[in-house]
Amino acid sequence: MKAIAAPGYGPLDRLAQIEVPVPSPGPGEVRVRVVASALNPADYKVLLGTMKFLHARNRPLILGYDFSGTVEAVGPSVAGVSIGDDVFGFLPYGPGNRSGAFAETLIAKCDELAIKPAQVSHALAAAAATTGLAAIQSIRDLGRLPADGGRLLVTGVSGGVGSIAVGIAKKLKAHLTAVGSGAGLERARRLGADVLLDRAAGPLPGELQQRFDVVFDTAAVYRWRQWRRTLEPGGAFVSTLPSLAYAADKLWSLFTRTRVHFLNVKSRPADLRLLASWLEEGLEVPLASTIPVREVAQGLAHLQEVGGRIAVQVAGGF
Ligand SMILES: NC(=O)c1ccc[n+]([C@@H]2O[C@H](COP(=O)([O-])OP(=O)(O)OC[C@H]3O[C@@H](n4cnc5c(N)ncnc54)[C@H](OP(=O)(O)O)[C@@H]3O)[C@@H](O)[C@H]2O)c1
């Protein structure tokens with residue numbers, strides 16, 4: 001089968017089309033014929049060697065986490081999914097993941113995907129997978145936003161995670177303050193954000209008068225200690241990136257009435273099903289563009305520079 005791969009870690013332009021054997025599913029696994037994928041910062045972080053732990057150290061290195069496609073083979077002990085089903089989800093962000101979605105087929109665990117609704121395109125399903133679950137698991141699970149709504153602040157609303165988080169915040173009935181820049185901020189207004197803050201103009205976190213139940217720092221540029229005085233008692237600061245500073249903040253937060261968490265997003269079927277139902281209802285996945293898989297290197301360079309959500313057409317894209 002065809003795949004876009006690199007011979008090892010290095011610059012993005014080492015990505016090229018290669019031929020590799022078609023993989024066979026093991027116990028609990030399925031082989032998916034990939035129709036669409038999407039670009040994530042994790043793709044360039046692994047390839048450039050800054051976060052190698054997000055993927056197995058394969059050579060050649062086939063990347064791509066989000067996928068939507070059709071099950072074409074099932075291994076032993078597979079339940080809940082059959083050959084011919086359209087499914088979507090994402091591969092694990094971790095050293096155990098040897099598969100990649102920038103390829104004609106991939107191997108996924110049957111309990112890490114969900115059925116794609118017929119009305120939702122493969123490109124939108126793939127583009128919503130990581131980012132949508134990152135938002136759900138950060139705001140609802142780690143943040144514990146009150147079920148009847150609550151006050152939420154999201155940073156980086158131009159980005160892949162931040163832009164879908166705006167629509168998901170409204171599904172979770174949050175009163176939303178969106179922090180971002182330019183067109184992304186304007187889009188957040190259109191998608192229902194209640195308060196807009198231009199990150200270049202301020203005010204800075206410590207100067208805000210409002211109190212929040214959850215601050216979701218998708219941009220991963222802030223620290224809990226900058227926000228702790230704007231958090232309600234029991235409120236949480238959730239970041240998308242671990243750091244040494246995070247460990248120190250976690251320890252310090254134990255002596256306060258606020259919480260700090262770092263997201264480790266998982267492709268959980270129940271969350272994918274919830275996301276699928278919202279996509280059917282029209283949840284917007286703000287896409288910057290859709291590119292053929294042969295242009296993944298250029299797409300990743302753009303993502304690294306600008307951010308945002310880029311879908312990848314894999315079927316017919318080589
Ligand atoms: N831990 C996990 O499980 C997990 C899961 C998914 C993603 N992630 C990580 O989450 C991060 C965001 O992912 P993404 O897909 O949304 O990335 P992205 O598309 O590159 O978006 C990042 C956004 O952050 C904002 N930003 C950039 N530089 C900034 C700065 N200096 N100050 C403040 N804001 C800035 C920008 O939005 P504005 O211009 O609107 O501010 C930008 O669009 C990445 O690091 C990714 O690796 C982690």
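Indexing begins at 1, ligand by ligand and atom by atom, following the structure's order. Any value given below was found using the heavy atoms of this structure, including those in side chains, with hydrogens, waters and symmetry copies removed.
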TODO: Please report the C-alpha distance between Thr155 and Tyr222 in whole Å, then the side-chain angles of each, then the deciding distance to 0.1 Å, and finally whether the side-chain contact (heavy atoms from CB on, under 4.5 Å) criterion is met.
DONE: CA-CA 9 Å; Thr155 70; Tyr222 297 102; 3.6 Å; yes
- [ ] Report the C-alpha separation of Asp66 and Ser37 in whole Å, then their side-chain angles, then the decisive distance to 0.1 Å, and conclude whether the side chain to side chain donor-acceptor pair (under 3.5 Å) test is met.
- [x] CA-CA 5 Å; Asp66 292 308; Ser37 181; 5.8 Å; no
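In this structure, Leu244 places its CG atom where only 12 or fewer heavy-atom neighbours from other residues, nucleotides or ligands lie under 6.0 Å away. Other residues, nucleotides and ligands place no more than 12 heavy atoms under 6.0 Å from the NZ atom of Lys109. Crowding of Arg211 atom CZ: a count of heavy atoms from other residues, nucleotides or ligands under 6.0 Å exceeding 12.
At least one N or O atom of Thr240, backbone or side chain, sits closer than 3.5 Å to an N or O atom of ligand 1. In terms of polar-atom proximity, defined here as any N/O pair under 3.5 Å, Ala134 makes no such contact with ligand 1. Considering backbone and side-chain atoms together, Ala42 places no N or O closer than 3.5 Å to any N or O of ligand 1. Taking only nitrogen or oxygen atoms, main chain and side chain alike, Ser181 reaches within less than 3.5 Å of ligand 1. For ligand 1, the polar-atom distance check against Phe262 finds no nitrogen or oxygen pair separated by under 3.5 Å. Between Arg199 and ligand 1, at least one N/O pair is under 3.5 Å apart.
Less than 4.0 angstrom separates some heavy atom of Gly307 from each of these atoms of ligand 1: 18 (P), 19 (O), 20 (O). The ligand atoms of ligand 1 that sit less than 4.0 angstrom from a heavy atom of Gly180 are 38 (P), 40 (O), 41 (O). Remark: ligand 1 atoms within the under-4.0 Å shell around heavy atoms of Val157 are 40 (O).
Hydrophobic clustering (side-chain heavy atoms under 4.5 Å, transitive across Ile, Leu, Val, Met, Phe, Trp, Tyr) keeps Leu63 apart from Val35.
Residue, atom and distance of the protein heavy atom nearest to atom 15 (O) of ligand 1 are Pro41 CD, 3.4 Å. Closest to atom 19 (O) of ligand 1, if we only count protein heavy atoms, is Gly308 N, 2.7 Å. If you check which protein heavy atom lies closest to atom 40 (O) of ligand 1, you get Ser158 OG, 2.5 Å. The single protein non-hydrogen atom nearest to atom 24 (O) of ligand 1 is Ala219 CB, 3.3 Å, given as residue, atom name and distance. At the shortest separation from atom 2 (C) of ligand 1 among protein heavy atoms lies Leu263 O, 3.5 Å. Nearest non-hydrogen protein atom to atom 12 (C) of ligand 1 is Thr218 O, 3.2 Å. Counting only heavy atoms of the protein, atom 3 (O) of ligand 1 lies nearest to Val265 N, 2.8 Å. The protein non-hydrogen atom at the shortest distance from atom 16 (O) of ligand 1 is Val161 N, 2.9 Å.
In this structure, Ala220 has no heavy atom closer than 4.0 Å to ligand 1. Close to ligand 1: Lys45, with a non-hydrogen atom less than 4.0 angstrom away. Residue contact annotation: Gly160 has a non-hydrogen atom under 4.0 Å from ligand 1. Under a 4.0 Å heavy-atom criterion, Thr155 is not in contact with ligand 1.
A distance of 6.0 Å or more separates the ring centres of Phe90 and Phe67.
By the 4.0 Å N-to-carboxylate-O rule, Asp194 lies close enough to Lys170 to be salt-bridged with it. Under a 4.0 Å N-O distance rule, the pair Arg259/Asp249 does not qualify as a salt bridge. Comment: Glu284 engages Arg190 in a salt bridge, judged by a side-chain N to carboxylate O separation of less than 4.0 angstrom.
At a heavy-atom cutoff of 4.0 Å, ligand 1 is contacted by no atom of Thr131, backbone or side chain.
For atom 42 (C) of ligand 1, the nearest non-hydrogen atom from the set Gly159, Gly182, Ala288 comes from Gly159.
Legend: residues meeting salt bridge (Lys or Arg N to Asp or Glu O under 4.0 Å) with Lys171, ordered by chain and number and at least two apart, are Glu281. With sequence neighbours excluded, no residue satisfies side chain to side chain donor-acceptor pair (under 3.5 Å) with Arg228.
In this structure, a donor-acceptor pair under 3.5 Å is absent between the side chains of Tyr65 and Ser267.
For the pair Tyr44 and Thr50, the minimum side-chain heavy-atom distance is 4.5 Å or more.
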